[in-house]
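The residues of the chain are indexed from 1 along the displayed sequence. Counting starts at 1 for both ligands and their atoms, in listed order.
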Amino acid sequence: MTAQIPAHNLSVDQTIAAISAQPQPRVSQAEMEQAVRTLLLGLGEDPDREGLRDTPKRVVKALQFLTSGYHQSLDELLNGAVFHEDTDEMVLVRDIDLFSSCEHHILPILGRAHIAYIPNGKVIGLSKIARICEMYARRLQVQERLTQQIANALQGLLKPQGVAVVVESTHICMVMRGVQKPGSWTVTSSMQGIFAEDAKARQEFMSLIRHNPSFH
Ligand SMILES: Nc1nc2c(ncn2[C@@H]2O[C@H](COP(=O)(O)OP(=O)(O)OP(=O)(O)O)[C@@H](O)[C@H]2O)c(=O)[nH]1
Ligand SMILES: [Zn+2]
C-alpha cells in the first residue's frame, strides 16, 4: 500500500481500505490438502498411515490461521476505539508477544514488539495496538515489512506527532536449519515523525523499552 502514496498522506478511510484489502483464495481447500499430501509423499512418508491421515487437513487449517491476518478488517478490529484526547505525552505498549511466519520458508518468527506514538489530538484503544500488530504478524512476512506496516497503520489512523516501532525476534529458519544460529535476534525499527526527526524523543523511547519493569 505504501508503494505509491506515503502512509502519512493517506486519510483514515484510505488507510483502512488499503489495510483491509483481502486477497481472494484461488484454489480450493481440497487442492491445498492434496498439495500437503504430495509434500508428505515427497518426504518419503506414507500419508495414509494413521498418524498422518488427517495431517493435510490440519496443516491447511494451521496455515490458514497463521495467515488469517490477510482477511481481517481494520475497521472491525478497531471497533471505533479511536478517541479524541488532548494529550501529547508518549504512549508506549511494550513487550507485545509476536508470532509471525517468514515468507521465505514459512517457518515461525518469534519475538516481541514495542510500539509507541505521541498523540496529536487522537488516541487509540491500547489493545488495538496489539491487535494491529497481530493482524500483520498473521501474514507471510519479512520482519522489516512487518515493522513498517505496524508503524504505517498507526500513522495513517491517528496522524500522530510520531510513531516508533521496534520488533525483536528470532527466525526459526535461522535456528533449526540453514545457518543454524540459535540465540540470534534480529532487531528492526520504524521511526516516523518526531521519532525520526528528534534524537531526544527517540532516545526516550529506546530507554523506556530497555528499562526492566519492576512488576515481573
Ligand atoms: N531481510 C530478511 N531476511 C529474512 C527474513 N526471514 C528470512 N530471511 C532471509 O531470507 C534469506 C533467503 O535466502 P536464500 O539464499 O534465498 O534461501 P536459503 O538458501 O534458504 O538461505 P539460508 O537461510 O541462508 O540457508 C535468508 O538469508 C534468510 O535468513 C526477514 O524477515 N527479513
Ligand atoms: Zn525464513
Side-chain angles (χ1 to χ4, degrees), residues 1-7 15 18-23 25-27 32-33 35-45 55-56 58-72 74 77 92-117 129-156 163-192 195-196 202 205-206 209-210:
M1 85 174 194
T2 51
Q4 291 93 15
I5 317 173
T15 303
I19 290 169
S20 306
Q22 300 179 8
R26 284 182 289 263
V27 294
M32 292 174 83
E33 288 172 18
V36 177
R37 193 183 153 83
T38 304
L39 279 178
L40 288 170
L41 283 169
L43 295 173
E45 270 289 358
T55 295
R58 292 190 197 103
V59 171
V60 169
K61 203 171 155 195
L63 285 175
Q64 284 171 332
F65 175 78
L66 296 175
T67 56
S68 55
Y70 288 123
H71 307 290
Q72 266 186 292
L74 188 64
L77 173 160
L92 164 67
V93 183
R94 51 170 277 185
D95 298 308
I96 302 170
D97 282 331
L98 184 142
F99 306 99
S100 189
S101 307
C102 107
E103 70 181 14
H104 300 126
H105 303 95
I106 320 190
L107 285 172
I109 302 173
L110 311 172
R112 52 183 176 243
H114 313 292
I115 302 173
Y117 68 99
I129 294 177
R131 287 188 188 281
I132 290 172
C133 186
E134 257 176 20
M135 182 177 84
Y136 289 115
R138 288 190 185 139
R139 297 178 180 193
L140 300 184
Q141 282 289 7
V142 292
Q143 189 175 323
E144 295 90 331
R145 186 169 67 234
L146 171 62
T147 310
Q148 185 89 49
Q149 285 176 329
I150 297 166
N152 287 352
L154 280 176
Q155 181 69 39
V163 176
V165 178
V166 165
V167 173
E168 306 174 293
S169 67
T170 189
H171 291 238
I172 296 303
C173 65
M174 281 180 65
V175 171
M176 287 183 69
R177 58 156 297 289
V179 73
Q180 297 179 60
K181 291 291 174 233
S184 66
W185 284 81
T186 303
V187 182
T188 47
S189 67
S190 176
M191 302 286 158
Q192 303 195 3
F195 289 106
R202 198 162 55 243
F205 166 74
M206 294 309 276
I209 67 173
R210 293 289 159 243

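- Here the closest heavy-atom approach between residue F195 and residue Y117 is recorded as CE1-CA, 4.2 Å.
- With hydrogens and angles left out, the side-chain atoms of Q143 and T188 include a donor and acceptor closer than 3.5 Å.
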Please tabulate, line by line, the atom pairs linking an N/O of ligand 1 to a protein N/O at a distance below 3.5 Å, with the distance in Å to 0.1, or answer 'none'.
{"residue": "ligand 1", "atom": "1 (N)", "partner": "E144", "partner atom": "OE1", "Å": "3.4"}
{"residue": "ligand 1", "atom": "1 (N)", "partner": "E144", "partner atom": "OE2", "Å": "2.7"}
{"residue": "ligand 1", "atom": "6 (N)", "partner": "H171", "partner atom": "ND1", "Å": "3.2"}
{"residue": "ligand 1", "atom": "8 (N)", "partner": "H104", "partner atom": "ND1", "Å": "3.2"}
{"residue": "ligand 1", "atom": "10 (O)", "partner": "H104", "partner atom": "ND1", "Å": "2.9"}
{"residue": "ligand 1", "atom": "20 (O)", "partner": "H105", "partner atom": "NE2", "Å": "2.6"}
{"residue": "ligand 1", "atom": "20 (O)", "partner": "R177", "partner atom": "NH2", "Å": "2.9"}
{"residue": "ligand 1", "atom": "23 (O)", "partner": "R177", "partner atom": "NH1", "Å": "3.1"}
{"residue": "ligand 1", "atom": "25 (O)", "partner": "R177", "partner atom": "NH2", "Å": "2.9"}
{"residue": "ligand 1", "atom": "31 (O)", "partner": "Q143", "partner atom": "N", "Å": "2.6"}
{"residue": "ligand 1", "atom": "32 (N)", "partner": "E144", "partner atom": "OE1", "Å": "2.8"}

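- With hydrogens and angles disregarded, no donor-acceptor distance shorter than 3.5 Å links the side chain of R139 to the backbone of T67.
- Side-chain polar atoms of Q72 and E134 form no donor-acceptor pair below 3.5 angstrom.
- With hydrogens and angles disregarded, no donor-acceptor distance shorter than 3.5 Å links the side chain of S190 to the backbone of Q148.
- Surrounding CZ of R138 are more than 12 heavy atoms belonging to other residues, nucleotides or ligands, all under 6.0 Å away.
- Side-chain polar atoms of H114 and E168 form a donor-acceptor pair below 3.5 angstrom.
- The minimum heavy-atom distance between A137 and L98, with the atom names listed, is CB-CG, 4.4 Å.
- Taking CD1 of I150 as the start and CD of Q155 as the end, the distance is 14.0 Å to the nearest 0.5 Å.
- Protein N/O/S atoms found under 2.8 Å from the Zn ion (ligand 2): C102 SG, H105 ND1, C173 SG.
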